[in-house]
Amino acid sequence: MFELNEAQKDIQDIVRQYAQEKVKPLAETIDKEARYPAENIEGLTEMGVMGINIPELYGGSEMDELTKCLVIIELAKVCASTAVIVDVHYLVSDIILSMGTDAQKAKYLPMAVEGKLGAFCLTEPGAGSDAGGLKTKAVKDGDDYIINGAKCFISNCGPHEGNHFVVIALTDPEKKTHGGMTAFLIDRDNPGLSIGKTEDKMGIRGSEVSELILTDCRVSSDAILGKVGDGFKIAMIGLDGGRIGIASQAVGIASGALEAAVKYAKEREQFGKPIAAKQGLQWYLADMATRLEAAKLLVYEAADLRERGEDVTTVAAMAKLYAGEAACYVTDLALQIHGGYGYMKDYAIERMYRDARITRIYEGTSEVQKMVISRNVINQY
Ligand code: CAA
């Protein structure tokens with residue numbers, strides 16, 4: 001049984017209060033206008049939340065894995081866009097923390113604490129689930145590398161988002177995933193880097209997701225994260241953590257949807273009684289609450305394993321798979337409970353239903369998570 005410690009409970013309370021008082025009232029407008037929620041990120045920065053995973057040496061508060069999940073859950077209950085911006089930012093800071101040189105940490109981690117957002121650039125038009133199929137190339141030129149290629153669907157990348165970019169590129173095309181890729185840490189103001197089309201999305205509309213174009217993008221060897229050839233593994237280890245974050249986002253969305261459904265079911269009267277009195281609907285609520293609880297426990301377990309430095313690949317994939325599916329199940333039934341009103345934009349459940357859908361897709365589809373889980377299960381026995 002997981003019990004939160006006092007520090008975790010404190011952060012959970014603080015972020016919950018901020019989310020309910022400041023983030024929730026903006027969520028509808030942010031979605032409608034597909035607007036980057038600058039005020040939320042500024043507020044979270046002032047509260048120290050953007051650097052919660054970063055050591056005090058760099059200005060952060062050095063909290064544990066589960067605390068990050070609690071933050072993302074509280075934000076996602078009211079605004080999934082804000083939650084994913086923070087999640088991807090944590091993913092990038094974690095990569096810098098684990099793989100960066102002292103100079104990279106000293107440069108980028110204080111910026112991350114100040115709310116300057118990091119972006120993780122792996123996906124390409126021909127390399128989605130098959131992340132090994134990427135074509136972006138980094139060619140050595142003296143002490144530098146020249147990078148050419150295009151990334152797509154990059155979160156925290158757009159007119160307002162993206163200060164530093166972890167870019168995975170081929171340095172030895174023959175070897176591909178097995179040592180052929182390298183991770184580079186690139187500044188936004190690099191003249192070889194430009195932001196392409198910003199996507200018009202179904203949900204999480206406040207999170208900017210764009211193309212990143214690299215044209216003769218020159219970086220020095222100092223920009224390499226880890227070693228030449230480590231890129232694919234760095235991406236996969238980063239995604240192990242990122243998947244726990246997306247599972248947290250899914251738990252938050254499902255939790256917000258369950259709360260909305262219960263409130264509505266108690267208020268809405270049909271056939272002379274609140275619809276919450278109907279057994280069919282009570283059974284919906286029971287199934288929703290059970291899946292939500294199971295998803296939350298998987299998130300807590302994955303965070304705990306990662307905190308203890310254990311291999312987390314399988315449990316992170318399970319958490320992401322289960323929580324993403326649960327979020328879609330819960331928001332679907334919550335919308336059903338709202339009936340015709342749930343289909344209208346006047347009710348938050350319409351947005352939650354759209355926001356939930358991406359949690360089965362990004363940071364590895366549900367099908368990719370099943371690949372990861374089954375490979376590990378087959379190797380285990
Ligand atoms: N940790 C450490 N190393 C790992 C690893 C992990 N989790 N997973 C794989 N590796 C290593 C392997 O051990 C192997 O190492 P060796 O070369 O030493 O043998 C190497 O990486 C290659 O592994 P595989 O042969 O398993 O690679 P694969 O080509 O079969 O791919 C895959 C595996 C799991 C399907 C992977 O391609 C994958 O995860 N695809 C999904 C990509 C994804 O999640 N994209 C999300 C984009 S980011 C995003 O969505 C952010 C956002 O917007 C919010």
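Each ligand, and each atom within it, is numbered from 1 in the order the structure gives.
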Side chain to side chain donor-acceptor pair (under 3.5 Å) assessment of S129 paired with E367: CA-CA 9 Å; S129 291; E367 292 74 16; over 6 Å; no
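- Each of the atoms 42 (C) of ligand 1 lies under 4.0 Å from some heavy atom of G128.
- For the pair E267 and P274, the minimum side-chain heavy-atom distance is 4.5 Å or more.
- Counting heavy atoms closer than 4.0 Å to ligand 1, residue D87 contributes nothing at all.
- Protein heavy atoms all stay at least 4.0 Å away from atom 12 (C) of ligand 1.
- In this structure the side chain of V372 reaches within 4.5 angstrom of the side chain of R243, judged on heavy atoms.
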Full working for side-chain contact (heavy atoms from CB on, under 4.5 Å) between I95 and L225: CA-CA 8 Å; I95 290 178; L225 277 160; 4.1 Å; yes
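- In terms of polar-atom proximity, defined here as any N/O pair under 3.5 Å, D130 makes no such contact with ligand 1.
- Contacts of V372 with ligand 1, taken as heavy-atom pairs under 4.0 Å, involve the side chain alone.
- Crowding of Y353 atom OH: a count of heavy atoms from other residues, nucleotides or ligands under 6.0 Å not exceeding 12.
- Atoms of ligand 1 lying under 4.0 Å from any heavy atom of A131, numbered from 1 in the order shown and given with element: 37 (O), 42 (C).
- No N or O atom of T123 sits closer than 3.5 Å to an N or O atom of ligand 1.
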Identify each donor-acceptor pair in which a side-chain atom of residues 166-178 lies under 3.5 Å from a protein atom, sequence neighbours left out, and give them as a table.
unit_1	atom_1	unit_2	atom_2	d
T171	OG1	G180	O	3.4
T171	OG1	T182	OG1	2.6
D172	OD1	E174	N	3.3

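- Judged by distance alone, the side chains of D64 and Q8 do bring a donor and an acceptor atom under 3.5 Å apart.
- With hydrogens left out, the protein atom closest to atom 2 (C) of ligand 1 is I237 CG1, 3.6 Å, a heavy atom.
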Steps toward side chain to side chain donor-acceptor pair (under 3.5 Å) verdict (D332, Y284): CA-CA 10 Å; D332 182 55; Y284 279 171; over 6 Å; no
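- The contact set between ligand 1 and F120, taken as ligand atoms under 4.0 Å from a residue heavy atom, comprises 48 (S).
- Atom 53 (O) of ligand 1 has S155 OG, 2.7 Å as its closest protein atom, hydrogens excluded (heavy atom only).
- A distance below 6.0 Å separates the ring centres of Y347 and Y264.
- Residue Y362 has no nitrogen or oxygen atom sitting less than 3.5 Å from a nitrogen or oxygen atom of ligand 1, judged on distance alone.
- Atom 46 (C) of ligand 1 has E363 CA, 3.5 Å as its closest protein atom, hydrogens excluded (heavy atom only).
- For atom 5 (C) of ligand 1, the nearest protein heavy atom lies under 4.0 Å away.
- Of the protein's non-hydrogen atoms, K233 CE, 3.3 Å is the one closest to atom 15 (O) of ligand 1.
- Closest to atom 26 (O) of ligand 1, if we only count protein heavy atoms, is R375 NH1, 2.6 Å.
- Looking only at heavy atoms of the protein, atom 35 (C) of ligand 1 is closest to M371 CE, 3.7 Å.
- Atom NZ of K107 and atom CG of D102 lie 15.0 Å apart (nearest 0.5 Å).
- Applying the side chain to side chain contact (heavy atoms under 4.5 Å, CB included) criterion to D13, with sequence neighbours excluded, gives R16.
- Of the protein's heavy atoms, F232 CE2, 3.6 Å lies nearest to atom 22 (C) of ligand 1.
- Counting heavy atoms closer than 4.0 Å to ligand 1, residue L239 contributes side-chain atoms (C-beta onward) but none from N, CA, C or O.
- Shortest contact from atom 17 (O) of ligand 1 to any protein heavy atom: H178 ND1, 2.5 Å.
- Residue E325 forms a side-chain hydrogen bond (donor to acceptor under 3.5 Å, both in side chains) with just one option from Q369, R291, R360, and that option is R360.
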Audit row: N156, H89, side-chain contact (heavy atoms from CB on, under 4.5 Å) steps and yes/no: CA-CA 8 Å; N156 287 4; H89 182 68; 4.1 Å; yes
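- Every atom of ligand 1 with a heavy atom of T313 under 4.0 Å away is listed here by number and element: 7 (N).
- Only the side chain of R243 comes within 4.0 Å of ligand 1, judged by heavy-atom distances.
- The ligand atoms of ligand 1 that sit less than 4.0 angstrom from a heavy atom of V88 are 54 (C).
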